[in-house]
Amino acid sequence: MKLFSAIALAFAGSAALAAPAFAADSPAPGGQPSSIIVHMPNGKTAVIPADSKMAQHLMADPESKPLKEGIIVYVVNGKSFFVFDHKMSNGKMMSQALMDYDAPEGGG
């Protein structure tokens, strides 16, 4: 259960970090605000607003690929991990289970 709590906490933290960047006035191609979420090897996470020029540059990079599935990023003990959203054995999508999860106070 601790892993599930860590995942839920990281998911909520990433969403909270990303919120100000999504509100930034920095539209990418198509007019939508863009941001870059960077997970560094030391566990630090940064959200950087991306203007149109930066977004176009990153999308033109041959290593850049759009995600076709949902993705969940979580940080445990200073390491960043990701998992693609998938249906769990109980029939629920992992993303929905995380959003529905009511963590006990103190993150236990």
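- Looking at residues two or more places apart in sequence or on another chain, you find no side-chain contact (heavy atoms from CB on, under 4.5 Å) involving His57.
- Under the rule for a salt bridge (charged side-chain N to carboxylate O under 4.0 Å, His left out), Asp61 has no partner lying at least two apart in sequence or in another chain.
- Taking CD1 from Ile72 and CE from Met93, the interatomic distance works out to 8.0 Å, rounded to the nearest 0.5 Å.
- Rounding to the nearest 0.5 Å places CE of Met94 at 4.0 Å from NE2 of His86.
- Checked by atom type and distance alone, the side chain of Ser35 never pairs as donor or acceptor with a backbone atom of Val47 at under 3.5 Å.
- For residues 81-99, the set of pairs meeting the salt bridge (Lys or Arg N to Asp or Glu O under 4.0 Å) definition, not counting sequence neighbours, comprises Lys92-Asp100.
- Distance check, rounded to the nearest 0.5 Å: CD1 of Ile48 to CE of Met54 gives 7.0 Å.
- Open room surrounds CG on Asp102; 12 or fewer heavy atoms of other groups in view lie less than 6.0 Å from it.
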